[in-house]
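As structure tokens, the structure follows; a few thoughts come after it.
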2 protein chains.
Amino acid sequence: MSTEPPRLVEAGAQEQEDRFADIRAVLAGLTPRERMLVVAERLFADEGLAAVSVRGITAAAQVNLASLHYHFGSKEGLLEAIFEARAKPIADERMRRLAECAEAPGRPPLLEQLLFAFLHPALTLGLEPRFGGPAFARLRARLGSESEKVSRRILSKAFDESSKAFMAAMQAALPDLPRGEFAWRFHFLLGTMVYTMADSGRIQSLTGNACDPADGRAALDHLIPFLAAGFRAPSIVGSGAAP
Amino acid sequence: MSTEPPRLVEAGAQEQEDRFADIRAVLAGLTPRERMLVVAERLFADEGLAAVSVRGITAAAQVNLASLHYHFGSKEGLLEAIFEARAKPIADERMRRLAECAEAPGRPPLLEQLLFAFLHPALTLGLEPRFGGPAFARLRARLGSESEKVSRRILSKAFDESSKAFMAAMQAALPDLPRGEFAWRFHFLLGTMVYTMADSGRIQSLTGNACDPADGRAALDHLIPFLAAGFRAPSIVGSGAAP
DNA sequence: GACGTATTCAAACGTATGTTTACCGTAAAC
DNA sequence: GTTTACGGTAAACATACGTTTGAATACGTC
């Protein structure tokens with residue numbers, strides 16, 4: 001935000017206390033293209049899209065500046081490539097688990113089963129620490145409040161299909177809930193999920209680390225009963241108790 | 001993200017289809033300092049902190065470039081001034097309503113009353129359309145995923161006191177809920193609130209405008225029963241039903 | 001070994017950035 | 001009537017930005 005202190009050397013060229021020391025060994029075994037993907041994912045998640053420069057990315061990935069445009073065409077192309085690599089597996093896994101729910105004997109599937117199938121991939125997949133932990137989750141959360149056009153298109157492309165499939169299944173599991181009410185509650189579901197993935201540090205600051213949103217498993221354990229109860233709350237527009 | 005087409009004139013100097021046409025008349029009656037506050041709030045909310053330049057702000061506010069640094073010292077100083085002007089009223093109103101809840105005859109205050117007192121100021125205050133609608137709400141939501149140091153400090157300063165007060169009161173209204181479980185659920189509450197304030201357009205894209213998060217009153221009506229049910233869900237760690 | 005494609009590289013291009021400087025105009029205070 | 005303080009202005013400063021260029025290198029194929 002404020003003017004950076006004048007760089008002594010070419011921008012981003014020096015080591016700057018290597019932020020990727022923890023995965024330097026992993027990075028060394030990757031191709032330049034893959035290195036850029038991994039590094040940019042984490043930098044975007046930590047600093048925001050606009051705050052990260054292509055020079056910063058290429059320096060951290062230890063590749064030449066022009067390599068980024070050679071492989072991805074532009075900074076935005078790099079972002080799309082990250083989503084291609086990370087979001088698709090999550091969406092695919094969601095669809096796979098939804099199919100499993102539908103095939104299970106006791107139909108229609110329980111609300112809790114659907115919530116788990118929807119949330120588990122997002123909150124735990126791609127969290128392998130060898131790739132720098134929950135970087136993609138934070139990036140996805142951040143994209144929800146970025147520069148509109150770009151991010152909205154990318155999120156739609158990545159998640160619309162699986163989200164809509166789950167909305168239909170959950171609606172079927174809640175036959176008494178009016179459509180409008182259900183839309184609001186699904187919106188709230190997305191809010192808890194995205195806010196957890198963002199791990200803004202706010203709840204830690206308020207409670208002194210009483211809970212840690214980065215712990216995807218714990219988050220799920222607490223989130224599912226909370227959401228299930230919310231979804232099953234009586235509707236505020238003519239409830240099922242109408243005469 | 002991609003390189004903007006080359007500007008014909010000095011950056012931001014031309015009209016560019018005046019994005020503030022709706023409040024131009026209001027702006028004209030304000031001092032340069034106030035104009036910058038109002039304009040920057042909306043631009044920050046729409047584009048993100050890093051994506052908005054001081055030239056863009058000063059051009060839109062129709063003040064000289066150097067005026068921004070004269071009044072606020074820096075771009076970051078301007079952001080803090082916006083929070084000073086907008087967040088304090090919200091936090092103050094929260095505390096006022098909390099005191100009202102505590103004084104009411106039927107104590108302890110109902111969970112729903114506390115939720116309303118906490119959420120209503122955030123979701124409806126500062127939405128006066130004369131200042132360009134829910135700009136501050138979107139800005140606050142966006143700040144939750146911005147460049148860490150800056151935003152975290154600003155959010156803490158603005159909201160820690162009132163949030164902690166409400167946590168204590170809500171905990172008292174839920175005597176059977178373990179502290180750790182409550183922390184998670186308060187975190188989820190923040191998620192639904194922030195995501196609603198962000199109004200990312202995601203739910204509209206998924207449902208075809210079945211609900212509109214920018215409608216603070218409707219959001220509250222749906223949010224409070226949802227959250228109350230979630231908070232009252234049985235605890236997953238030893239519930240009250242223990243022998 | 002020579003050819004052709006794929007990748008890497010150093011350097012530059014043009015422009016945008018946050019911030020500072022030094023100079024004007026105004027209007028109340030003495 | 002000069003001083004003082006405040007707000008506004010144009011121009012410049014230094015550097016960061018995304019992107020492009022054209023030559024150099026690697027590499028598998030014939």
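Below, read A as the first sequence line, B as the second, and so on, with proteins coming before strands; counting in each chain starts at 1. All values below come from the heavy atoms of this structure, side chains included, with hydrogens, waters and symmetry mates left out. Here the structure is a predicted model, which means the values were calculated and not measured.
Using a 4.0 Å cut-off between charged nitrogen and carboxylate oxygen, Asp160(B) and Arg153(B) do not count as a salt-bridge pair. Under 4.0 Å is where a charged nitrogen must lie from a carboxylate oxygen, and between Arg96(B) and Glu93(B) at least one such pair does.
Screening Phe182(A), Phe186(A), Phe118(A), Phe159(A) for a ring-ring contact (aromatic ring centres under 6.0 Å, His included) with Phe166(A), the sole residue that qualifies is Phe118(A).
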Listed pairs, N/O of protein and of nucleotides 22-25 of chain D, under 3.5 Å:
none

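For Tyr70(A) and dT5(C), the OH to P distance is 12 Å, given to the nearest whole Å. Summarising the geometry, the separation between CG on Leu68(A) and P on dA10(C) is reported as 16 Å, rounded to the nearest angstrom. Rounded to whole Å, atom P of dT17(C) lies 12 Å from atom CG of Leu43(B). Put simply, CD on Glu47(B) is 12 Å from P on dT17(C), counting in whole angstrom units. For the pair Lys75(B) NZ and dA16(C) P, the interatomic distance rounds to 15 Å; values are reported in whole Å. The separation between Arg55(A) atom CZ and dA10(C) atom P is 14 Å, rounded to whole Å. As rounded to whole Å, 10 Å separates atom P of dT19(D) from atom CD1 of Ile57(A). For the pair Gln62(B) CD and dT9(D) P, the interatomic distance rounds to 11 Å; values are reported in whole Å.
Among the nucleotides dA12(D), dG18(D), dG8(D), the one closest to the side chain of His71(B) is dG8(D). Of the candidate nucleotides dT9(D), dT19(C), dT8(C), dT9(D) has the atom nearest to the side chain of Asn64(B). Nearest nucleotide to the Leu65(B) side chain, out of dG7(D), dG18(D), dT19(C): dT19(C).
Taking the side chain as every heavy atom from C-beta outward, Ser163(A) and Arg94(A) approach each other to under 4.5 Å.
Residue Ser53(B) places none of its side-chain N or O atoms closer than 4.0 Å to OP1 or OP2 of dA16(C). Within the structure, every side-chain polar atom (N or O) of His69(B) is placed at least 4.0 Å from both OP1 and OP2 of dT21(C).
Ring geometry for Trp184(A) against His187(A) counts as perpendicular: the plane angle is over 60°, on a 0 to 90° scale with 30° as the lower cut.
Counting only residues at least two apart or on different chains, the ring pair (Phe, Tyr, Trp, His ring centres under 6.0 Å) pairs with a member in residues 52-83 of chain B are Phe83(B)-Phe136(B).
Not a single donor-acceptor pair under 3.5 Å links the side chain of Arg140(A) to the backbone N or O of Ala122(A).
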